[in-house]
Amino acid sequence: QEVTLRLHQFLPPQANVPKLVLDPWADKVEAESGGRIKIERYPAMQLGGTPPQLIDQAQDGTVDIVWTLPGSTPGRFPSTEVFELPFMMTNAEATSRAYWDLFESRMKDTEFKDVHVIGVWVHGPGMLHSKTPIEKLEDLTGMKVRAPTRIINTLLGTLGATPVGMPVPQITEALSKGVIDACVIPWEVTPALKVPELVENHTEFGGDHALYTTTFVLAMNKAKYDSLPDDLKKVLDDNSGQEFAAFAGRTQAGADGPSRQIAVDRGNNIITLDEAEVARWQEAAQPVIDNWVAEMDGKGLDGKGLLEEARALIEKYTAAQ
Amino acid sequence: MSNLELGIYSFPVLLLLIFLRIPIGLAMLTCGLAGTWLIMGSTAPILARLKFETYSTFSSYSLSIIPLFLLMGQFATLGGMSQSLFKAANAWLGHRRGGVAMAAIGACAGFGAICGSSLATAATMAQVALPELRRYGYSGALATGTLAAGGTLGVLIPPSVVLVIYAILAEQNIAKLFVAAFIPGILAAIGYMIAISIYVRLFPGAAGSHPRQTYRERFRALADVWPVLLVFIAVVGGIYTGWFTPTEAAAVGAAGTGLIALINGGLTRETLVASILTTASATALIFFIVFGAAIYNSFLALSQLPVEAAAFITEQGFNPWIVLICILLFYLALGCFMDSLSMILLTVPIFFPIVSGLDFGLGAEEFALWFGILVLIVVEVGLITPPVGMNLFVINSMAKDIPILHTYRGVTPFVISDVVRTALLVLFPMISLFMVRLLY
Amino acid sequence: MRRSAAIEWLARALAILGGLVLVVITLLIVVSITGRGLVRQGLGPIPGDFELVEAMTAFAVFSFLPWCQLQRAHATVDVFTSFFPDRINRVIDLLAELLMTLVMILLAWRLWYGMMDKIRYQETTFILQFPVWWGFAAAMCAIVVGVIVSVYMTIVRAQEAFAGESQFAPTKGGDAS
Ligand code: NA
Ligand code: NA
């Protein structure tokens, strides 16, 4: 083979995204290159550093490709947060397609100009997993909750919970020791973190929009991409873009079902908030969205435009399904 | 030179540097940087990584437990708590040969119950117990050997960060792993006590002997121990009831011992400065090693050494037991150079799929639990086997007047005890699994 | 050569400052878990306690490094060197100190660029949303002292090697068992 690409990411190799999204993607690239590209896979931060450093590693060429969360470096990719706002996302595939469109029109040459982006996507509907049941907004009051993103942290504070910050691997121990009462993650991650063993209640949101989602990016070092011969660039290009984004979003959300089943099989209590209750949550969450728009405007980023365009794109792709 | 060869040749180079008395962290850092440079063919990637690597290592939340526990150890000494603890141990056990060292193993086990890191356990106990062991007439060899070995109990006795990471990597139930680790952890503590009693019989000069004390004196000594117990109960109770994380427990311990030292007059401006400076040296020493190890580890990952070693072992077509023993020996060798956590992160994703395909007559889950305990133990043994072992180096560096050769000699009985225990656990998986079967 | 009182004072003062930060971390955590334990009584944890502990620990560790080096407290292994003559040991010490200085300069230089990146990307922490570069800047101040101490120690070692006598014993030696 002539090119070796090092793919670095933070999850163990058998976790859903490495197993179902990244490995198939890498295998496909290797096969379509006729064996001329080899993708070495380094899971669980084996090449060093911490997850927030991944984007720097790709940008600086410490590694060639990374899978990471733009939100792990708050402030650096502010536009991606529009998809992480409360009650934005519908389903992962449509939202991922919308994310790709907005990425191309508004982020590619600005926030992401220092890396070559292969794909962007979001995970399936995010939700609450708690020791005591959350059946209405008020049940959150005083609950110690670990939140995944900056936005959700703010949201939880606004809704009356006490947000507790900690890295993902610590969730398991924190739940088992009662340091936190609940965590906010999608179904797909729950088995790996043993959440169904540690809490008995899971709160899903009825209606068209989920509580939240998290954005991901698969990014490559720019110089490395530019150094490839045209035919190998084409192999990568064929496996980049909106269709890949849709595949990744769909596949990751597809892992929600089996994970949910684990909780069902354990006899856990799965609560689905009805539309009237969800409407109360939406109303309570509105200040978070308003503040975000104002904050973006303050950065000269046209928060309102981002929000409206993202909403329109999500509705468009959701309707098209 | 291929990447793999670079990985292999880095071992003798690293050893040479270490034995030339280059600081260990510096030696690992240098080898890791040079190796990464050679593999990548350019300095740019490693230079880029160093922009953030020092800060992110030093700002790690889980590592912040180390300076906090070290500070706690200092305050405990200022407040007279460690002295009264060892006075009590001496009153009850001092007339037995090696009794106080056995008490130190017990204290390590107790501390191991609140701390999940062997370096932190060894370093904290070294601060607290080393001066006391010397005071009661223990040789430098036996004192440092005891504490280096006792430090491994920090990981063997739950809770243990290493086990949590293994559970996540191997997709196993954490509670069951803790249960499976329980009897092996107790066996470790007992094995160490036996090792001490044999050692002091062979070398009677290694331990001071003290007259048997009356029960009146013993209970009087015990009465002074209550502040230690108070802090210990607060910390352990807090962890097990879920009030705090291990790092928070360390802070509570430091605050508690600091308060007691303040109340009984041990903590003054001068002693505070002195204890801060001691904490500073020990903290910097450990973090510099951890940082060097992180750079060196990622170089080993980049060289594909673990992947190739795994491929080599599978290709031989050995029977499962030989494969298992090869892997355990590989872990033992790696344990010389790496800290347990990064070793688990680096190797479990590679080795676990291989061994879980082999037949040892156990179910999939029981196998995973058993293998996890074996790996955990072998990794920890690597920390105390001469000539290269992080616990040995850390303890020895905190006792500047004791030559490392003495520490090697002192730790030997503990290593033998570890080897015997590991053999037992390999031959009789039920030792690990018995409690799991009983409880689940 | 006489040891420089100024350098010693600098390293010591920095280490003490780092130690006081450690004491502050301790108090912050105790207050935070007390608040967390009393959530039902209307109290709460200190917001962003996690990220504060992280940033402050980083500063503490960076500020402990120069003191550790000045005290020659880094972990070393004297298996073979205790059998070497003092002359060779002094040369080894000089080389080790030189290597350490190069590494400290490398780390300081890279940390500077890391800080510049964090400023450029306007990264903030999760909860308090203070700029990440603040932590880098504090670390930067400490590591500059580290570089100064390293250079100073290299000069001390060079003088020791050339003068043929040690300020402190270069090897541990001696039977302490
Ligand atoms: Na432990
Ligand atoms: Na070893």
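Because the structure is a prediction, the values reported are computed rather than measured. Below, chain A is the first sequence line, B the second, and so on; all start at residue 1.
- Checking side-chain atoms of B/Lys400 against main-chain N and O of C/Arg72 turns up a donor-acceptor pair under 3.5 Å.
- With rounding to the nearest 0.5 angstrom, the OG1 atom of B/Thr54 is 5.5 Å from the CG atom of C/Leu107.
- The contact between B/Leu29 and chain C is made entirely by side chain atoms (from C-beta outward), counting heavy-atom distances below 4.5 Å.
- Neither the backbone nor the side chain of B/Tyr138 comes within contact range of chain C; no heavy atom of the residue lies under 4.5 Å from a heavy atom of that chain.
- Heavy atoms of C/Trp112 lying under 4.5 Å from chain B are absent altogether.
- Note on B/Thr279, B/Leu68, B/Val252, B/Thr407: by heavy-atom pairs under 4.5 Å with chain C, the leading option is B/Leu68.
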field: Worked check of side-chain contact (heavy atoms from CB on, under 4.5 Å) between B/Leu47 and C/Leu106
entry: CA-CA 9 Å; B/Leu47 286 181; C/Leu106 175 72; 3.6 Å; yes
- prompt: Does the side-chain contact (heavy atoms from CB on, under 4.5 Å) test come out yes or no for B/Leu277 and C/Arg12, once each step is laid out?
  reply: CA-CA 8 Å; B/Leu277 290 178; C/Arg12 190 183 145 92; 3.4 Å; yes
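- The contact between B/Leu33 and chain C is made entirely by side chain atoms (from C-beta outward), counting heavy-atom distances below 4.5 Å.
- Contacts with chain C were tallied for B/Thr247, B/Thr283, B/Val394; B/Thr283 has the most, counting heavy-atom pairs under 4.5 Å.
- Nearest heavy-atom pair across B/Ile276 and C/Gly19 is CG2-CA, 3.5 Å.
- For a residue to count as touching a neighbouring chain, one of its non-hydrogen atoms must lie under 4.5 Å from one of that chain's; by this rule B/Phe291 touches chain C with the side chain only.
- Across C/Val103, C/Val53, C/Leu99, the residue that shares the most heavy-atom pairs under 4.5 angstrom with chain B is C/Leu99.
- B/Lys51 and C/Phe136 get closest at one heavy-atom pair: O-CE2, 3.6 Å.
- Heavy atoms closer than 4.5 Å to chain C are found nowhere in B/Thr57, neither backbone nor side chain.
- Both the backbone and the side chain of C/Leu20 come within contact range of chain B, each with at least one heavy atom under 4.5 Å from a heavy atom of that chain.
- In this structure, chain C has heavy atoms under 4.5 Å from both the backbone and the side chain of B/Tyr55.
- Considering every non-hydrogen atom in both C/Ala75 and B/Ser397, the closest pair reads CA-OG, 2.9 Å.
- Note: B/Pro67 leads B/Pro67, B/Ala254, B/Gly258 in heavy-atom pairs under 4.5 Å with chain C.
- Heavy-atom distances place the backbone of B/Ala48, and not its side chain, under 4.5 Å from chain C.
- Looking at B/Ile289, the atoms closer than 4.5 Å to chain C (heavy atoms on both sides) all sit in the side chain, from C-beta outward.
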message: Using side-chain contact (heavy atoms from CB on, under 4.5 Å), reason through C/Leu111 and B/Phe52 one step at a time and then give a plain yes or no.
response: CA-CA 7 Å; C/Leu111 187 71; B/Phe52 311 108; over 6 Å; no
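- The contact between C/Ala139 and chain B is made entirely by side chain atoms (from C-beta outward), counting heavy-atom distances below 4.5 Å.
- Going from atom CG of B/Leu20 over to atom CG of C/Asp93 covers 11.0 Å, rounded to the nearest 0.5 Å.
- Two residues are said to be in side-chain contact when any heavy atoms from C-beta on lie closer than 4.5 Å; B/Ser281 and C/Trp67 meet this criterion.
- Checking side-chain atoms of B/Arg21 against main-chain N and O of C/Thr76 turns up no donor-acceptor pair under 3.5 Å.
- Test C/Val61, C/Ile29, C/Thr57 against B/Ser64 for side chain to side chain contact (heavy atoms under 4.5 Å, CB included) and you get one pass: C/Thr57.
- Within 6.0 Å of the CZ atom in C/Arg87, the count of heavy atoms belonging to other residues, nucleotides or ligands does not exceed 12.
- Aromatic ring orientation, B/Phe58 versus C/Phe62: perpendicular (interplanar angle above 60°, classes split at 30° and 60°).
- Both the backbone and the side chain of B/Ile24 come within contact range of chain C, with heavy atoms under 4.5 Å apart.
- When all heavy atoms of B/Leu285 and C/His74 are compared, the closest pair comes out as CA-ND1, 4.2 Å.
- The minimum heavy-atom distance linking C/Val30 with B/Ala251 is given by the pair CG2-O, 4.2 Å.
- Only the side chain of C/Arg36 comes within contact range of chain B, with at least one heavy atom under 4.5 Å from a heavy atom of that chain.
- With a threshold of 4.5 angstrom between heavy atoms, B/Phe19 approaches chain C through its backbone and through its side chain.
- Distance check, rounded to the nearest 0.5 Å: OG1 of C/Thr26 to CG of B/Leu259 gives 12.5 Å.
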